[in-house]
Visitor: 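Can you read through this structure? Questions will come right after.
Source: prediction; values computed, not measured.
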Amino acid sequence: MPYKTLSLTAALVACLSLTACSAPQAPLEPVDPQPASPLTYENPAYHKVTPQVAKQMMDQGVVVIDVRSPEEYQAGHIKGAVNVPLDTLKEGTILQAQPDVTKPILVHCRSGVRAEQASQILVKSGYQQVYNMYGTLQWPYGFVK
């Protein structure tokens with residue numbers, strides 16, 4: 001059977017429809033649902049942890065910072081979490097809930113995106129162990145009001 005010759009346009013369309021030809025995708029996060037947009041921040045002081053690991057850290061006394069709005073927090077939050085809305089964080093911020101920048105701190109929001117933004121600010125502020133625990137969308141352990 002002879003090969004069919006494709007026009008350049010047809011070849012391009014065929015290539016674009018194949019995943020091997022598409023642009024590289026950001027790696028999937030180990031949570032479901034996925035964050036609202038890719039989490040790409042990299043720094044030795046910044047880490048991402050699953051809700052299961054975050055729960056273990058909380059059981060050991062690690063402070064949890066909820067960077068959602070006060071309205072979101074009041075609608076339901078993780079027990080023990082301290083509300084520090086993202087828009088109140090500025091570089092140089094030292095949190096009252098965790099003034100020791102050498103100790104680990106957990107940060108979360110709704111999906112993990114604002115938590116990553118807050119984590120960047122906290123790292124720039126000197127925090128050495130900042131953990132993004134994603135958000136309430138992925139949290140399976142319930143909420144309090």
Side-chain angles (χ1 to χ4, degrees), residues 6-145:
L6 295 175
S7 70
L8 182 56
T9 303
L12 182 58
V13 168
C15 180
L16 291 176
S17 68
L18 299 173
T19 57
C21 294
S22 62
Q25 299 280 329
L28 291 178
E29 299 294 334
V31 292
D32 186 38
Q34 290 293 297
S37 62
L39 303 180
T40 58
Y41 179 58
E42 293 185 22
N43 187 291
Y46 172 72
H47 315 277
K48 296 179 280 185
V49 294
T50 62
Q52 294 75 18
V53 171
K55 177 81 167 83
Q56 292 171 351
M57 292 173 73
M58 290 169 60
D59 290 345
Q60 295 172 6
V62 175
V63 173
V64 178
I65 302 298
D66 183 332
V67 299
R68 298 176 303 149
S69 70
E71 296 78 20
E72 289 173 292
Y73 180 84
Q74 291 169 0
H77 57 274
I78 295 171
K79 185 177 181 180
V82 177
N83 188 218
V84 181
L86 176 61
D87 63 3
T88 67
L89 284 176
K90 307 292 180 235
E91 190 172 334
T93 297
I94 300 299
L95 302 171
Q96 285 184 339
Q98 182 50 277
D100 186 344
V101 299
T102 66
K103 291 192 177 180
I105 190 164
L106 288 160
V107 183
H108 85 89
C109 59
R110 183 173 176 270
S111 73
V113 176
R114 285 178 284 176
E116 183 173 78
Q117 295 168 352
S119 295
Q120 289 179 42
I121 295 168
L122 292 170
V123 167
K124 288 178 182 176
S125 298
Y127 283 86
Q128 299 170 18
Q129 298 183 64
V130 181
Y131 294 85
N132 181 344
M133 59 186 277
Y134 299 97
T136 56
L137 290 176
Q138 297 94 356
W139 186 253
Y141 302 107
F143 304 98
V144 297
K145 288 188 178 187

Visitor: Counting only N and O atoms by type, is there a donor-acceptor contact under 3.5 Å from the side chain of Glu116 to the main-chain atoms of Thr40?
Guide: yes
Visitor: Checking Leu95 against Leu89 for the side-chain contact (heavy atoms from CB on, under 4.5 Å) test, could you report, in this order, the C-alpha distance in whole Å, the side-chain angles of both residues, the deciding distance, and whether it holds?
Guide: CA-CA 9 Å; Leu95 302 171; Leu89 284 176; 3.9 Å; yes
Visitor: Looking at every heavy atom in both Trp139 and Ala54, which two are closest together, and how far apart are they?
Guide: CZ3-CB, 4.2 Å
Visitor: Do Gln138 side-chain atoms and Pro33 backbone N/O form a donor-acceptor pair below 3.5 Å?
Guide: yes
Visitor: Considering all heavy atoms of both residues, which atom of Val144 and which atom of Lys79 are nearest to each other, and what is their separation?
Guide: CG2-CA, 3.8 Å
Visitor: Using a 3.5 Å distance criterion without hydrogens, assess whether the side chain of Tyr134 forms a donor-acceptor pair with backbone atoms of Glu29.
Guide: no
Visitor: Please find the pair of heavy atoms, one from Lys48 and one from Leu39, that lie closest to each other, and give the distance.
Guide: NZ-O, 3.6 Å
Visitor: As an exercise, state the distance from CG of Leu106 to CD of Gln129, rounded to the nearest 0.5 Å.
Guide: 10.5 Å
Visitor: Going by heavy atoms in the side chains, are Tyr127 and Gln98 under 4.5 Å from each other?
Guide: yes
Visitor: Examine distances only and state if a side-chain atom of Gln60 and a backbone atom of Met57 form a donor-acceptor pair shorter than 3.5 Å.
Guide: no
Visitor: How far apart are the closest heavy atoms of Val113 and Ala36, and which atoms are they?
Guide: CG2-N, 3.8 Å
Visitor: Tell me if a side-chain donor or acceptor on Tyr73 pairs with a main-chain N or O of Ala81 at a distance below 3.5 Å.
Guide: yes
Visitor: Kindly indicate whether the side chain of Tyr131, heavy atoms from C-beta on, has any atom under 4.5 Å from the side chain of Val53.
Guide: no
Visitor: Can you tell me if Asn83 uses its side chain to pair, donor with acceptor, with the backbone of Asp66 under 3.5 Å?
Guide: yes
Visitor: CZ/Arg68 to NE2/His108 distance, rounded to the nearest 0.5 angstrom?
Guide: 5.5 Å
Visitor: How far does CD of Gln34 sit from OG of Ser111, to the nearest 0.5 angstrom?
Guide: 10.0 Å
Visitor: Would you say that Pro85 contacts Pro70 through its side chain, given a criterion of any heavy-atom pair below 4.5 Å between the two side chains?
Guide: yes
Visitor: Enter the distance from Gln128:CD to Asp100:CG here, rounded to the nearest 0.5 Å.
Guide: 8.5 Å
Visitor: Around atom CZ of Arg110, are there more than 12 heavy atoms from other residues, nucleotides or ligands closer than 6.0 Å?
Guide: no
Visitor: With a 4.5 Å cut-off on side-chain heavy atoms, are Gln117 and Tyr41 touching?
Guide: no
Visitor: Is there a side-chain contact between Val107 and Val84 (heavy atoms, below 4.5 Å)?
Guide: no
Visitor: Would you say the side chain of Leu137 lies within less than 4.5 Å of the side chain of Val31, judging by non-hydrogen atoms?
Guide: no
Visitor: Heavy atoms only: give me the nearest Ile65-Ala97 pair and the separation to one decimal.
Guide: CD1-CB, 4.0 Å
Visitor: So Met133 and Met58, do their side chains get closer than 4.5 Å, heavy atoms only?
Guide: yes
Visitor: So do Thr93 and Thr88 actually touch side chain to side chain, heavy atoms under 4.5 Å?
Guide: no
Visitor: State, to 0.1 Å, how close Asn132 and Ala115 come at their nearest heavy-atom pair, and which atoms those are.
Guide: OD1-CB, 3.4 Å
